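Treat the numbers as computed from the prediction; the structure is a model and nothing was measured.
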Amino acid sequence: MCTCFIPVYAQESYEFYDGDVLIESFASISEARDFYQNNYEEYKEPILYADGEIADLKYGVVNFIFEEDTVSYESVYNGTSCLKKYKTPEGLFLGFEGNRVRFMLNGDIGYIEKNKTEIIPYHKAVKRISRYAAVNGSLVHYLNINFDNEIYEYSLSVDVKPDYFEDDVFYYSYDNHYFYDDFYDMADDYLLDSYEHAVNFENPYYNYYAYLSFRSYTNYSLEDLENYFYRHLGINSKITSYTDYSKDGACDALNMSQYYGELGSFLYYEKIYGTNALIMLGESMYESSSGKDFNSFENNSLFEHYAFDNEYERENERYENTESSVYSHSRYYLSRYFGSIHSSLYSGTYLGDRRSGMAVNCSVEPFYNEMVIANMYSVDSFLGLKDRNYYAQAITLNSGIDIYADETLESVMYSLKGVNSFIVLYENEDSYKIRLDNYTDENYAYDPEISCGYISKDDVTYVFNEIKEEKYNEIYLDYNGGILHYSDGNTLFVKDDAVLTYVSPLRDGYEFTGYEDNAAMYREISDIEFVNYP
């Protein structure tokens, strides 16, 4: 007796839908694709399924799948890039190319393997995708990190609302420059490399804080910053003991922060290393939960990185004090690495987005820039918006731009690629005088008076804000026998109307009391008595 087994194969199915409505079924993928290509424009939301999986669609979003802490993708502008788990919202779906998905996210266009994504049609994601709105006079960006959740994890106030924003209307944008009140119009425009349906078609938006070079100076004084943190937020001491029962990553004591007594260091190092205090403060507020996370308490670190400057810090793997953390961030992280055109980390001295700027290389969080900007805007708006739109900014969108040593554009110093943002200092007939990015001495200090160059007006796409002339006073502080980070004195560049903020140098056997004629003054310590013990 012979038993024969006849194999039975499941028949593959190919279906064309308009949203949730089945329009046509097919026996082969070729028939299905032909129908899709010839008819998709007649339907509002065309979707082609192959055995229940999306084979093609026009309107949808990309949900990223993380098997590890990060997932990599190929950026059109920056090569291999990464996204971070629990920090990445959806991207806009731009199509399939072989086994890869093309998407847009925070200004960047990327390609990622299909198996690292979940493609969701727009009608199934409409309540969960990122959007913008005008709220109480501010521009708010709502971001949903967990796509199974209809509650937005982040609502970031990032600027004053644009004039063309209407209240009670949601807007969409994945490039941060053009906004749409209709998702379908946005997707159609992006696929055609057009912006004609944007509500600001003739007026692209560039967030001032995002394109402000850190080679700039805040208009706020120490008293202003203390008004925000001490009086407005109620900070009245450093953290004495750490508890976080709420599990939100910040000390439970609302009145305690490692910022207390240390805000002056942001202003002091700004004037030595040319690193804007408000930008540094915005970074620190995000990375240290405003001086309240455990790392700031345990290691005196107000930033999620270390660049130790002495043996004690290297041996103990912690900063001696929080002032040392600000110094390290200003001198090394910003001025030396992100402020040098010769550094592999250099991509502009402005925060930018995922396409250009510091945010490209300083974080794998795709909206790191907006997390920082939200803090900058919070401080600035509370204190009267003295910083917003203060500097004139030139935005260049050319594939390359030359930086010249002279206003006649005869001597090229170096060239830059991609998008760039510059502070404009003066307008000539054919050129703009700009502030350069590179530090100006071997210790990574920055002199704003000499660090200037020129760019051709023909290379500039946009110029925002009024051009202002700034004057700086060059002040040398003599530590008079004291030392501050292995220096016996430093040169500061202070704007004419700015109030100089000091940081205390150390001198063995003496207590610093202040400055007289720019020389440090001390009083001798006769003895030390412990009043109480830890």
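The structure places CG of Leu191 at 7.5 Å from CG of Leu92, a figure rounded to the nearest 0.5 Å. Distance CD/Glu407 to CG/Asn428: 4.0 Å, rounded to 0.5 Å.
Between the side chains of Glu270 and Tyr268, no donor-acceptor pair of N or O atoms lies under 3.5 Å. Judged purely by distance below 3.5 Å, without hydrogens or angles, the side chains of Tyr152 and Arg131 pair a donor atom with an acceptor atom. Side chain to side chain, Ser378 and Asp380 fail the donor-acceptor criterion of an N or O pair below 3.5 Å. Side chains of Tyr184 and Glu45: a donor on one and an acceptor on the other come within 3.5 Å. No side-chain N or O of Tyr208 forms a donor-acceptor pair with one of Asp387 less than 3.5 Å apart. Between the side chains of Tyr172 and Asp182, not a single donor N or O lies within less than 3.5 Å of an accepting N or O. A donor and an acceptor atom, one from each side chain of Ser335 and Arg215, are located under 3.5 Å apart. Of the N and O atoms on the side chains of Thr275 and Ser330, at least one donor lies less than 3.5 Å from an acceptor on the other residue. Between the side chains of Thr218 and Asn276, not a single donor N or O lies within less than 3.5 Å of an accepting N or O. Using modelled atom types, one finds no donor on one side chain facing an acceptor on the other under 3.5 Å when comparing Ser456 with Asp459. Checked by atom type, the side-chain pair His177/Tyr205 shows no donor-acceptor distance below 3.5 Å. Remark: the Glu90 side chain and the Ser130 side chain contain an N/O donor-acceptor pair separated by less than 3.5 Å. Residues Tyr154 and Lys87 have side chains that bring a donor and an acceptor to within less than 3.5 angstrom of each other. Checked by atom type, the side-chain pair Tyr391/Glu470 shows a donor-acceptor distance below 3.5 Å. When only modelled atom types and interatomic distance are considered, Tyr377 and Ser138 share a side-chain donor-acceptor pair under 3.5 Å. For the residue pair Thr349 / Asp437, a side-chain donor-acceptor distance below 3.5 Å is found, with atom types taken as modelled. Side-chain contact, Ser344 with Tyr337: no donor N or O sits under 3.5 Å from an acceptor N or O. Between the side chains of Asn176 and Ser173, not a single donor N or O lies within less than 3.5 Å of an accepting N or O.
For Asp163, the CG atom is loosely surrounded, since the number of other residues' heavy atoms within 6.0 Å does not exceed 12. Heavy atoms of other residues, nucleotides or ligands lying less than 6.0 angstrom from CG of Asn136 number 12 at most. Counted within 6.0 Å of CD1 on Ile151, heavy atoms from surrounding residues, nucleotides or ligands total 12 or fewer; the atom is thus considered open. More than 12 heavy atoms of other residues, nucleotides or ligands shown are found within 6.0 angstrom of CG on Asp441. Remark: Tyr426 OH is loosely packed, at most 12 non-hydrogen atoms of other residues, nucleotides or ligands lying under 6.0 Å away. In this structure, Lys114 places its NZ atom where more than 12 heavy-atom neighbours from other residues, nucleotides or ligands lie under 6.0 Å away. Within a 6.0 Å sphere centred on NZ of Lys417, heavy atoms belonging to other residues, nucleotides or ligands number 12 at most.
Applying the ring pair (Phe, Tyr, Trp, His ring centres under 6.0 Å) test between His329 and each of Tyr327, Tyr332, Tyr333 identifies Tyr333 as the sole match. Checking each of Glu323, Arg318, Glu262 against Asn300 for a side-chain contact (heavy atoms from CB on, under 4.5 Å) leaves exactly one that passes, namely Arg318. No option in Phe170, Tyr142, Tyr174 other than Tyr174 meets the side-chain contact (heavy atoms from CB on, under 4.5 Å) test with Ile129. A side chain to side chain donor-acceptor pair (under 3.5 Å) with Tyr368 is found for one member of Arg354, Glu287, Lys84 and no other, namely Glu287. Screening Tyr178, Phe201, Tyr180 for a ring pair (Phe, Tyr, Trp, His ring centres under 6.0 Å) with Tyr195, the sole residue that qualifies is Tyr178.
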Q: Take Thr440 and Ile450, measure what side chain to side chain contact (heavy atoms under 4.5 Å, CB included) needs, and give me the verdict at the end.
A: CA-CA 8 Å; Thr440 52; Ile450 67 171; 4.2 Å; yes
Q. Given Glu74 and Thr80, is the side chain to side chain contact (heavy atoms under 4.5 Å, CB included) satisfied, shown in steps?
A. CA-CA 5 Å; Glu74 193 69 20; Thr80 302; 3.3 Å; yes
Q.
Determine whether His485 and Tyr269 satisfy the following criterion, side chain to side chain contact (heavy atoms under 4.5 Å, CB included), listing intermediate values before the conclusion.
A. CA-CA 12 Å; His485 300 294; Tyr269 293 114; 3.2 Å; yes
Q: Begin with the C-alpha distance, continue with both residues' side-chain angles, and end with the deciding distance and a verdict on salt bridge (Lys or Arg N to Asp or Glu O under 4.0 Å) for Lys457 and Glu427.
A: CA-CA 9 Å; Lys457 284 185 174 180; Glu427 181 178 3; 2.8 Å; yes
Q. After noting the C-alpha distance and the side-chain angles of Ile403 and Val412, does the key distance pass the side chain to side chain contact (heavy atoms under 4.5 Å, CB included) rule?
A. CA-CA 6 Å; Ile403 311 298; Val412 177; over 6 Å; no
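Using cut-offs of 30° and 60° for the angle between ring planes, the Phe179 and Tyr132 rings count as perpendicular.
Put simply, the side chain of Tyr390 does not reach to within 4.5 Å of the side chain of Asn465, judged on heavy atoms.
Between Tyr472 and Phe493, the gap from one ring centroid to the other reaches at least 6.0 Å.
Because its NZ or CZ atom is not both nearer than 6.0 Å to the ring centre of Phe64 and within 45° of the ring axis, Lys116 does not count as a cation-pi partner of that residue.
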